[in-house]
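Worksheet: one structure, shown below.
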Amino acid sequence: MTLQSFGVIGLAVMGENIALNVERNGFPIAVYNRSRDKTDRFMAERAQGRNAKASFTLEDFVASLERPRKILVMVQAGKPVDAVIGQLKPLLNEGDIIIDGGNSWYEDTERRTQDLEPTGLRYLGMGVSGGEEGALNGPSLMPGGTESSYQYLSPIFNKIAAQVDDGACVTYIGPGGSGHYVKMVHNGIEYGDMQLIAEAYDLLKNVAGLDSKQLHEVFAEWNTTDELNSFLIEITANIFPYIDPDTKKPLVELVMDAAGQKGTGRWTVQTALDLGVPVPTIVAAVNSRIISSYKEERIAASKQLTGPSGKYDGQTKEFINMVRDALYCSKICSYAQGMALLYKASNTYNWNLQLGEMARIWKGGCIIRAGFLNKIKNAYAENASLANLLLAPEFKQTILDRQNAWRSVIMTAAKLGIPVPAFSASLDYFDSYRRERLPQNLTQAQRDYFGAHTYKRIDKEGTFHTEWVPVEESK
Ligand code: 6PG
């Protein structure tokens, strides 16, 4: 029997498409799915005429693969991954490689690596971004684990990944759970981008009064610019003109304004808090999804809590340009936070992440792909130990040039009662980061007052505690 080169377990949307991508690139595939129906449908339809072999037991699936076996697991993150690994483990031989391509929690990946590698099996935790289309035609891949396992797989990964001007959108990320960590932060940044775009839409629609045709035109135009050209702006432009066939209205206006989330944005925030890295734009994005989901409560509150009633009295064209500048400045701050988080995680866990490479492999294939990532890549090429992207000459100058517009948009939003949590959080991040003195001297004094937590002084060395007695008594 001829053996297949690459195995895929799990034929949901991502698994099915990535399997076809691997096969199209010249690697015969073996597939297995827990329910037989899906496998039958896949083989009868999309895998027709392809070099694909289906199995209906894991034993047959494993036996259909050449050694060392390369098995990509594309099942739901969490317990299903452990279940598949548990079933595969006794069937595999030394040197075989399991790759988890789901959105797994990075500590689970660390645990699984520690569990499997001493047995002689090899394990990679790989972030895969790009949705259905990316999986089929070229995703961005973020593989983490032992480097020798990566080297073994790199010829396949390099072929199936998205290709951009400076190579395939894949690189060895680092050991252990680093690949899944980087993918998680990618998703946190994705949440930030999506929220910033949603706020721009809200302002353009409800302050500037643009209709769906005009919204389409503005986003389509922004997508041609060096700064904002990106997959998310492109799909936003495409969403507005879509007319619902039943009602003949723009479909987006009929979509329930309650956002879902599978958890990677929340994880980004949780790990950032644990590592002590501020990511306020991403926090605002997660919170905005949460508050949007309180639809019933918001409907009830909207009948009781009124806001300001004024109208914007400036020029529409000028306002649109200011929103564009506010969006871009906020986006820079959001990426600065995400990259700072990767920098801290890399130092904390000794991952040796190459931040410029992260930006490079996000240039194509993934959800946050954008021309802007080339600027980030260049910023790290100029200075690999850049503490914060805000200090890179290009980004610094952009913000300095555009901050007036950014502030003005946020002031208009506040005046008219339009929430812009991610725009504001980004500006607060910028203003906090750029200020030599913040008011936390008072926080320290309070902590020392009520809890004797001690403080340091700016005028002399040492650690101090004061009995902060009321003024009259201290006289
Ligand atoms: C990607 C995406 C993907 C993610 C979805 C949904 O990079 O292809 O990030 O991995 O699962 O976008 O995420 P939420 O349901 O959390 O919005």
Side-chain angles (χ1 to χ4, degrees), residues 10 12-19 21 72-78 80-81 99-106 108-109 125-144 157 160-162 164 169-171 173 177-198 230-236 239 255-272 279 281-293 334-335 338 341-342 358-370 373 422:
V13 176
M14 293 300 279
E16 178 173 301
N17 283 291
I18 214 161
N21 181 350
L72 176 65
V73 180
M74 295 298 291
V75 303
Q76 212 191 325
V81 177
I99 311 139
D100 170 19
N103 276 331
S104 288
W105 171 236
Y106 79 103
D108 283 345
T109 306
M126 180 165 77
V128 178
S129 177
E132 188 174 353
E133 203 271 334
L136 181 64
N137 295 318
S140 174
L141 300 174
M142 293 151 254
F157 291 164
I160 67 168
V164 291
C169 292
V170 60
T171 191
I173 302 288
S178 61
H180 278 139
Y181 193 94
V182 167
K183 174 58 177 27
M184 174 194 75
V185 175
H186 162 284
N187 281 24
I189 293 173
E190 170 186 309
Y191 276 50
D193 272 349
M194 292 169 78
Q195 177 61 24
L196 291 170
I197 293 173
S230 61
F231 171 71
L232 284 169
I233 295 280
E234 180 192 331
I235 65 166
T236 305
I239 283 171
V255 173
M256 174 76 79
D257 49 328
Q261 53 177 320
K262 296 204 190 74
T264 43
R266 189 179 67 242
W267 289 349
T268 306
V269 170
Q270 286 167 339
T271 67
V279 291
T281 309
I282 303 174
V283 172
V286 175
N287 280 338
S288 298
R289 289 197 190 193
I290 296 172
I291 200 159
S292 80
S293 70
S334 181
Y335 280 67
L341 177 56
L342 289 181
M358 304 302 106
R360 184 189 69 75
I361 64 165
W362 291 343
K363 278 174 60 177
C366 64
I367 304 296
I368 65 168
R369 62 185 180 262
L373 285 154

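Counting convention: from 1, in listed order, for ligands and their atoms alike.
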- Task: Please confirm whether the backbone N or O of Asn17 pairs with a side-chain atom of Asn21, one donor and one acceptor, at under 3.5 Å?
- Result: no

- Task: Enumerate the atoms of ligand 1 whose separation from the nearest heavy atom of Gln261 is less than 4.0 angstrom.
- Result: 15 (O), 16 (O)

- Message: Students should be able to answer this: which protein heavy-atom is nearest to atom 11 (O) of ligand 1, and at what distance?
- Response: Asn103 ND2, 3.2 Å

- Identify the closest protein heavy atom to atom 17 (O) of ligand 1: which residue and atom is it, and at what distance? Arg289 NH1, 2.8 Å

- Message: Closer than 3.5 angstrom, by distance alone: can the side chain of Ser140 be matched with the main-chain N or O of Gly365 as a donor-acceptor pair?
- Response: no

- Item | For atom 10 (O) of ligand 1, closest protein heavy-atom neighbour | Lys183 NZ, 2.8 Å

- Smallest separation among heavy atoms of Val286 and Arg266, with atom names: CG2-N, 4.0 Å

- Item | Closest protein heavy atom (residue, atom, distance) for atom 6 (C) of ligand 1 | Lys262 NZ, 3.7 Å

- For the side chain to side chain donor-acceptor pair (under 3.5 Å) test, which of Lys262, Lys183, His186 pairs with Asn103? Lys183

- Atoms of ligand 1 less than 4.0 Å from Tyr191 heavy atoms? 14 (P), 16 (O), 17 (O)

- Proximal ligand 1 atoms for Gly131, defined as those under 4.0 Å from one of its heavy atoms: 8 (O)

- Query: Taking only heavy atoms of Asn187, which atoms of ligand 1 are found under 4.0 Å from at least one of them?
  - Reply: 4 (C), 7 (O), 9 (O), 10 (O)

- Message: Give the atom numbers and elements of ligand 1 that come within less than 4.0 Å of a heavy atom of His186.
- Response: 7 (O)

- Validation row: Thr268, Tyr191 side chains within 4.5 angstrom (heavy atoms): no

- Item | Residue, atom name and distance, where the atom is the protein heavy atom closest to atom 8 (O) of ligand 1 | Gly130 N, 3.0 Å

- Flag if over 12 foreign heavy atoms under 6.0 Å of CD1, Ile291: no

- Of Gly102, Ser129, Gly188, which has the heavy atom at the shortest distance from atom 7 (O) of ligand 1? Ser129

- Item | Side-chain touch Asp108/Val81, heavy atoms, less than 4.5 angstrom | no

- Message: With rounding to the nearest 0.5 angstrom, report the CG to CD1 distance, Leu342 to Ile173.
- Response: 9.0 Å

- Side-chain donor or acceptor of Arg360 paired with backbone N/O of Val170 under 3.5 Å: yes

- atom 5 (C) of ligand 1: nearest protein contact (heavy atom, Å): Glu190 OE2, 4.0 Å

- Under 4.0 Å to a heavy atom of Ile367 - the qualifying atoms of ligand 1, by number: 1 (C), 2 (C), 7 (O), 8 (O)

